[in-house]
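A quick write-up on the structure given underneath.
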Amino acid sequence: MTRYWLMKSEPEVYGLDHLRAERRDHWDGVRNYQARNMMRDQMKKGDLAFFYHSNCKEPGVVGIMKIVREGYPDHTAFDPESKYYDPKSDPENPRWYMVDVQYVRRLKRPIGLRELRAYANAELRDLPLLRRGNRLSIMPVTPDQWTFILDLERAPPPTAGD
DNA sequence: GCCAACGTTGGC
DNA sequence: GCCAACGTTGGC
């Protein structure tokens, strides 16, 4: 069973173009327990994920990637030179995990957070992204939500005033 | 750059 | 185990 996810990244740090250039990369630097648990325990090879640009001018879903390696220790936590270094994690007892992802495609047009919000009380009611104060950088997406968002891709982009 | 919301830390 | 202080996230 394919599962679906949404994963946030700041485009200035690591955007969809970075992944497209690499084709495949590890999703490192996640330092939140809920997000870690999902990568360590729930993500499976073949799962699909939306690539979401956060903390930028036009936050929103911009692309699709595939999980190609299941959870394994995030080695950046072991490296004192890394900005993701965590002295409380070590190879004997790793605290943080990551998965490997592969670039699939860019969306025909970005689906902005503002556009998604228009369905916050309807089709996307339960999408954690739209819940107040949500800070999860990785979250599950139901098959219905996945299909709904992909259908938006084919619709004309919203114009001002929508 | 501001700041609301949330997670984590650490004293007690 | 409580909770105040602090740090981080992320939209605006």
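What you are looking at is a predicted structure, and each value in this text was computed from that prediction instead of being measured. All chains are named by letter (A, B, ...) in the order of the sequence lines, taking the proteins before the strands, and each is independently numbered beginning at 1.
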Between A:Y52 and C:dG11, does any side-chain N or O lie under 4.0 Å from OP1 or OP2?
yes

Residue-phosphate contact under 4.0 Å: A:K8 side-chain N/O, C:dG10 OP1/OP2
yes

Tell me if a side-chain donor or acceptor on A:D74 pairs with a main-chain N or O of A:G29 at a distance below 3.5 Å.
yes

Using heavy-atom distances to pick each residue's nearest nucleotide on DNA chain B, tell me which of A:N32 and A:N55 is more 5'.
A:N55

Check the distance between [N]'s [atom2] and [X]'s [atom1] and give it to me in whole angstrom.
X      : N      : atom1 : atom2 : value
A:R131 : C:dG10 : CZ    : P     : 15 Å
A:R36  : B:dT8  : CZ    : P     : 10 Å
A:R114 : C:dC12 : CZ    : C1'   : 11 Å
A:M139 : C:dG10 : CE    : C1'   : 11 Å
A:L116 : C:dC12 : CG    : C1'   : 16 Å
A:W96  : B:dG7  : CH2   : P     : 13 Å

Name the nucleic acid region contacted by [X], choosing base, sugar-phosphate or nothing; use a 4.0 angstrom heavy-atom cut-off, strictly under.
X      : value
A:R117 : sugar-phosphate
A:K57  : nothing
A:R132 : sugar-phosphate

Using a strict cut-off of less than 4.0 Å between a Lys/Arg side-chain nitrogen and an Asp/Glu carboxylate oxygen, indicate whether A:R20 and A:D17 qualify as a salt bridge.
yes

Salt bridge present between A:E153 and A:R106 (N-O < 4.0 angstrom):
no

Among the nucleotides C:dG11, B:dG7, C:dG10, which one has an atom lying closest to any side-chain atom of A:Q34?
B:dG7

Working to the nearest 0.5 Å, report the span between CZ of A:R3 and CG of A:D47.
6.5 Å

